[in-house]
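So the structure is just underneath, and the comments pick up after that.
Every chain is numbered from 1, with letters handed out A, B, ... down the list of sequences. Since the model is a prediction, treat every value here as computed from it, not as a measurement.
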2 protein chains.
Amino acid sequence: MAGRTRKGEQTRRLILETALELFRERGYDETTMRLIAERADVALGNAYYYFRSKEHLVQAFYARVNEEQRTVSAPELARKTDLQARLSVVVRAVIEIMAPYHRFAGSLFRSAADPRSPLSPFGPESAESRRRGIALFVDVLDGSTTRVPDDLRAELPGLLWLYQMGVILFWIHDNSPGHRRTDRLIDLTTEIVAHVISLASIPILRPLRRRTLQLLAELRGDEP
Amino acid sequence: MAGRTRKGEQTRRLILETALELFRERGYDETTMRLIAERADVALGNAYYYFRSKEHLVQAFYARVNEEQRTVSAPELARKTDLQARLSVVVRAVIEIMAPYHRFAGSLFRSAADPRSPLSPFGPESAESRRRGIALFVDVLDGSTTRVPDDLRAELPGLLWLYQMGVILFWIHDNSPGHRRTDRLIDLTTEIVAHVISLASIPILRPLRRRTLQLLAELRGDEP
DNA sequence: GTCTATAACCGGATAGAC
DNA sequence: GTCTATCCGGTTATAGAC
C-alpha cells in the first residue's frame with residue numbers, strides 16, 4: 001500500500017491537503033489532477049500513486065468530515081439530553097464543517113448516487129464511513145431522554161443518517177447567505193422528526209409503525 | 001435550432017435512437033460520442049450539432065421516459081380509484097420503462113444530484129420535465145377517492161414525485177432478479193404512503209401536519 | 001439549414017523507465 | 001516512490017460541401 005513510510009505519509013498528506021485547498025478554491029471539475037500535482041510539487045503520476053483516482057481523494061474528504069463531525073459535536077452532546085437538541089447539534093455540525101466546500105459538495109453528490117462509483121455512500125467501499133456515520137446517531141439516541149420503542153430503536157440510527165443525507169442534499173441546493181435556509185430546515189425538521197419519534201409509541205399509529213418496520217426488515221438481508 | 005426540417009428531424013431521431021440503444025447495451029461511460037456517431041453513420045461533429053453534449057442526450061431520455069410513463073399508465077388509471085392502486089400503477093410504470101436501462105440509470109443519477117449539472121432534476125433546465133412529472137401525480141390524486149385535506153392537496157403531488165425519485169434511487173441499487181425487491185418496496189411503501197395520507201386528516205396529527213406544511217411553504221419562495 | 005471530415009485541446013488515467 | 005511519455009474520450013473548431 002501507498003504511504004507506509006514516513007516520507008510516503010508526508011507526501012500523501014501533502015497531496016491531500018493541496019487537493020482539499022483547491023477543492024475549496026475552485027470546486028471539483030476546475031481542480032485538475034495536473035493542477036494538484038503541480039501545486040503540491042509532485043509529478044502527476046505520483047498523485048495517482050497515492051490516490052488511485054480523483055474520486056479516491058473524495059473518499060479521504062468524507063473520512064475527514066466524519067471525524068470532525070464527531071469531535072465538534074462531542075462537547076455539546078455531553079450537555080444535552082433533549083432529542084431534538086441532540087439531533088440538531090450533529091446535523092448542524094456536519095453542515096458547518098462542509099460549509100467551505102459548498103460548491104465542491106455539489107459536484108460531489110454526483111458520484112454519490114451512482115452505485116458503481118467508489119463514492120456511493122450506499123456502496124461497499126463506503127461501508128466503513130457509513131458505519132461510523134450511523135454510529136454517531138446511535139449516540140444521539142442513547143443520550144436522549146425520549147422513549148423509543150425497542151423495535152424502532154434498532155432501525156432508527158440508520159434512518160436518521162438517511163435524514164442527514166437529505167439535509168445535505170438540500171444544503172447543496174441552498175444558495176441563501178450563510179445557508180440560512182438550511183439552518184431553518186434543520187430547525188423545523190428536527191422538531192418534526194423528534195415529534196414523529198415520540199408519536200411512534202401511541203396506539204393508533206402502531207399498525208403504521210409495524211408496517212414500516214416490516215418494510216425495513218424485509219429490505220435488509222439480500223442487499224448486493 | 002437543430003432538427004427543424006424533416007430531414008433534420010430524422011437525423012436527430014436516428015442519433016437519439018442509436019444512443020439509447022448503446023446506452024442499453026453498454027451503459028453510459030462505455031458509450032462514447034465517437035461510437036454513437038459511428039454506428040449512426042454520421043460524423044462526430046454532426047452528433048454535437050443535434051445534441052450540445054452527451055448530457056443533452058440524457059435529457060432526451062428523461063423526456064421519453066416521462067412521456068411513456070403517462071401513456072402506459074393511462075388505461076389503468078382510468079379504471080382505478082383507490083389511491084394506493086393508482087400510485088402503484090404510475091411508479092411501477094416508470095420502473096418498467098427504465099428497466100432495460102438499469103446499468104445506465106446508475107451512472108445517470110450521478111449528474112442528477114449535482115445542482116449545476118444540466119441533468120439535475122431539481123435544476124432549471126429540468127423544470128419542464130419536472131413539471132410534467134409532478135402533473136402526473138396531480139392526476140393520480142384527482143382520480144382517487146381518498147379524502148385529502150385542502151392544505152395538503154397543494155403540496156402532495158410534489159411530495160409524491162419526490163417519493164418516486166426515492167423509489168428510483170432504490171431501484172438503481174437493486175440487483176435482485178426482475179427487480180423483485182423494488183416491486184416489494186413499491187407494494188409496501190405505496191400502502192404506507194396511502195395510509196399516512198388518510199391519517200393526515202385525523203385530529204391528533206393536525207399539529208404535525210400544520211408544522212410540516214409550514215415547513216414546505218417556507219422552503220418555497222426564494223429557491224435559487 | 002444540414003452535414004462531413006479532420007485536427008486539435010484538455011484532463012483523467014496508465015505504463016514503464018529510473 | 002517518483003518521473004516522463006502516452007493513451008483515451010469529451011468537446012471544440014474549422015473549412016467546406018450539399
Salt bridge flag under 4.0 Å for residues A:Asp139 and A:Arg70: yes
Let me check something: any side-chain donor-acceptor pairs from residues 154-172 of chain B under 3.5 Å, sequence neighbours excluded? List them with distances.
| residue | atom | partner | partner atom | Å |
| --- | --- | --- | --- | --- |
| B:Glu155 | OE1 | B:Arg220 | NH2 | 2.4 |
| B:Glu155 | OE2 | B:Arg220 | NH2 | 3.1 |
| B:Tyr163 | OH | B:Thr189 | OG1 | 2.7 |
| B:Gln164 | OE1 | B:Gln69 | NE2 | 2.8 |

Sequence neighbours excluded, the answer for salt bridge (charged side-chain N to carboxylate O under 4.0 Å, His left out) partners of B:Arg184 is A:Glu218, B:Asp187
Rounded to whole angstrom units, what separation is found between the CD atom of A:Glu38 and the C1' atom of C:dG12? 16 Å
B:Asp29 meets the side-chain contact (heavy atoms from CB on, under 4.5 Å) criterion, sequence neighbours left out, with B:Arg110
Using a cut-off of less than 4.0 Å, is there contact between a side-chain N or O of A:Thr11 and OP1 or OP2 of D:dG1? no
Can you tell me if the side-chain N/O atoms of A:Tyr50 get under 4.0 Å from OP1 or OP2 in D:dT2? yes
Check this one for me: any side-chain N or O of B:Tyr49 less than 4.0 Å away from OP1 or OP2 of C:dT2? yes
Rounded off to whole Å, could you give me the CZ-to-C1' distance for the B:Phe51 and C:dT2 pair? 15 Å
State which residues pass side-chain contact (heavy atoms from CB on, under 4.5 Å) with B:Gln10; sequence neighbours excluded, sorted by chain then number. none
Respond yes when some side-chain nitrogen or oxygen of B:Asn46 is under 4.0 Å from OP1 or OP2 of C:dT4, and no when none is. yes
Within residues 14-27 of chain A, the residues having a heavy atom closer than 4.0 Å to DNA chain D are none
Using a 4.0 Å heavy-atom cut-off, write out nucleotides 5-18 of chain D from 5' to 3' as B (base contacted by protein), S (sugar-phosphate only) or - (no contact). ----BBBB------
Show the atom names and distances, to 0.1 Å, of all donor-acceptor pairs under 3.5 Å that link a side chain in residues 34-48 of chain A to residues at least two apart or in another chain.
| residue | atom | partner | partner atom | Å |
| --- | --- | --- | --- | --- |
| A:Arg39 | NH1 | A:Glu21 | OE2 | 2.7 |
| A:Arg39 | NH1 | A:Glu25 | OE2 | 3.2 |
| A:Arg39 | NH2 | A:Glu25 | OE1 | 3.2 |

Just to verify, what does B:Lys80 make a salt bridge (charged side-chain N to carboxylate O under 4.0 Å, His left out) with, not counting sequence neighbours? B:Glu76
Taking atom P of D:dG1 as reference, at what distance in whole Å does atom CD of A:Gln10 sit? 12 Å
The side-chain contact (heavy atoms from CB on, under 4.5 Å) partners of A:Arg180 (sequence neighbours excluded) come to A:Ser176, A:Pro177
